[in-house]
Amino acid sequence: MNIMYHSTRNNAKELTASQAVLQGLAEDGGLFVPSALPVLDCSLDSMKDMTYQQVAYEVMKLFLTDYTEEELTYCIEHAYDAKFDTEEIAPLVYADDAYYLELFHGATIAFKDMALSILPYLMTTAARKNNLKEEIVILTATSGDTGKAALAGFADVEGTRIVVFYPKNGVSAVQEKQMVTQKGKNVKVIGIHGNFDDAQTGVKKMFNDEGLKAELKEKGFVFSSANSINIGRLVPQICYYVYAYAKLMAEGKIAEGEQINVVVPTGNFGNILAAFYAKNMGLPIAKLICASNENKVLFDFFRTGTYDKNREFMLTSSPSMDILISSNLERLIYRIAGNDADKNKELMAALTGQGKYEITEEMKKGLADFYGNYAGETETAAEIKRLYESCGYVIDTHTAVASAVYQKYVKETGDNTKTVIASTASPFKFTRSVMNAIDAKYDAMGDFELVDELSRLANVKVPNAIEEIRTAPVVHDKQCDVDKMQDTVKAFLGM
Ligand SMILES: *Cc1c(COP(=O)(O)O)cnc(C)c1O
């Protein structure tokens with residue numbers, strides 16, 4: 001089946017997969033969605049002996065239908081290679097009654113690597129297929145992890161440049177160091193005086209600025225996105241849910257067809273949307289458990305049907321989830337509105353105008369598969385400590401939010417369905433918060449001393465991504481105000 005893509009705000013204009021990957025965001029500000037969700041056409045039983053790369057091919061071929069088998073295989077083979085520190089790519093670890101799907105074994109030790117390792121290949125392949133003449137400028141807003149993963153993926157990739165905006169005071173020490181030490185002649189990293197939502201809004205504004213786009217085109221540039229608003233980010237994220245299921249079958253933990261629950265620590269709603277897509281493609285998932293930190297706008301939404309971003313933005317120990325405008329929720333809203341682009345457009349206009357919208361009773365029914373809850377800072381820290389003390393397994397702060405929410409879910413419902421928790425970052429990326437959660441005495445130690453201590457405690461080798469930044473020189477020190485983001489991009493492009 002040939003899958004085409006259109007905007008969540010306009011059903012009429014169709015693009016091929018490669019065109020949607022290239023463009024990133026639709027001209028009307030909407031997000032690209034597939035014309036229909038494909039169904040898995042390879043049995044789960046036959047996938048249980050497949051490698052990660054093979055499963056990825058089976059899933060991605062269903063969405064990226066204008067890529068040839070040769071092209072897609074090339075992208076997959078180059079993405080999921082020795083950049084990952086384990087051949088499994090995404091190992092499952094059993095700890096205290098749940099399966100932690102470790103998505104942080106890539107180059108930058110967060111789950112963003114799962115998609116951003118392949119996106120540059122998908123994008124440069126798309127550029128070739130569509131005879132694109134312009135140089136691609138990737139504009140990226142990051143809450144901490146996307147930035148580094150996108151930089152690592154696009155650094156020195158021919159025909160591309162990348163600009164990353166991160167909240168200057170809103171990321172962890174390791175996250176910042178990883179970004180500001182990024183080498184490459186086509187990269188630019190800028191700390192903004194604002195939060196992630198400011199960064200994302202600023203970037204989306206540039207995407208939708210027709211005047212700016214025309215100016216760019218004249219100079220031989222075209223914008224694209226590495227954020228999860230790009231369908232080329234979302235599709236690779238579906239693969240690991242299918243892979244995890246096949247792995248559980250292979251290990252004899254579940255029977256074919258047995259339902260599992262999935263818990264996802266959520267910010268921009270990309271990762272959990274990928275799980276939702278997987279479910280709708282036929283993967284036996286019962287509940288999609290959406291875990292938030294103190295920025296619990298999604299918890300409130302699932303409870304009340306009203307999405308309301310008018311609230312205080314909280315800085316937490318899980319900075320990659322410090323988000324009040326979850327962009328990918330738009331893809332779900334569109335779907336539960338019965339693929340009604342006008343209805344979706346109306347709600348998104350209300351979000352931009354009043355900062356909130358309310359869905360209809362009919363639409364609420366479409367949320368039945370979701371369960372939302374949140375974990376505060378104390379609960380998150382307590383969960384890290386609990387898991388470490390009960391089984392010696394050390395998780396990062398984001399995964400701890402998910403794990404704490406899972407505990408609440410089980411207590412509330414008594415549901416003992418086998419459960420996969422998306423483990424989205426290595427604890428080494430948030431060492432100070434993780435170590436302080438285990439024991440307050442660690443607060444006195446220096447950043448890298450703590451890294452070594454965590455390595456001893458968890459009995460895990462210090463990841464390369466951390467070793468690299470111990471001594472790496474800072475090469476980016478630019479900061480800017482939110483209203484100067486566009487000027488900064490132009491200056492970088494010599495315009
Ligand atoms: C980005 C990120 C999240 C949130 O994922 P979304 O797809 O934005 O919901 C959770 N944890 C970590 C470590 C992340 O980097």
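Heavy-atom basis, side chains included; hydrogens, waters and symmetry copies ignored. Just so you know, ligand 1 is whichever comes first in the structure, and atom 1 is the first atom listed for that ligand.
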So, Lys287 and Asp369, do they make that salt bridge, N to O below 4.0 Å? no

Taking a 3.5 Å cut-off between nitrogen or oxygen atoms, can you list every pair linking ligand 1 to the protein, with distances?
unit_1, atom_1, unit_2, atom_2, d
ligand 1, 7 (O), Gly270, N, 3.2
ligand 1, 7 (O), Asn271, N, 2.9
ligand 1, 8 (O), Asn268, N, 2.8
ligand 1, 9 (O), Gly267, N, 2.8
ligand 1, 9 (O), Asn268, N, 3.2
ligand 1, 9 (O), Phe269, N, 3.0
ligand 1, 11 (N), Thr424, OG1, 2.8
ligand 1, 15 (O), Lys112, NZ, 2.6
ligand 1, 15 (O), Asp145, OD2, 2.5

Less than 4.0 angstrom from a charged side-chain N to a carboxylate O is my criterion; do Lys61 and Glu58 meet it? yes

Under a 4.0 Å N-O cut-off, is there an ion pair linking Lys429 with Asp145? yes

Salt bridge Arg161-Asp156, side-chain N to carboxylate O under 4.0 Å: no

For the residue pair Thr8 / Lys345, report whether a side-chain donor-acceptor contact shorter than 3.5 Å exists. no

Side chains of Asn328 and Asn268: donor-acceptor distance under 3.5 Å anywhere? no

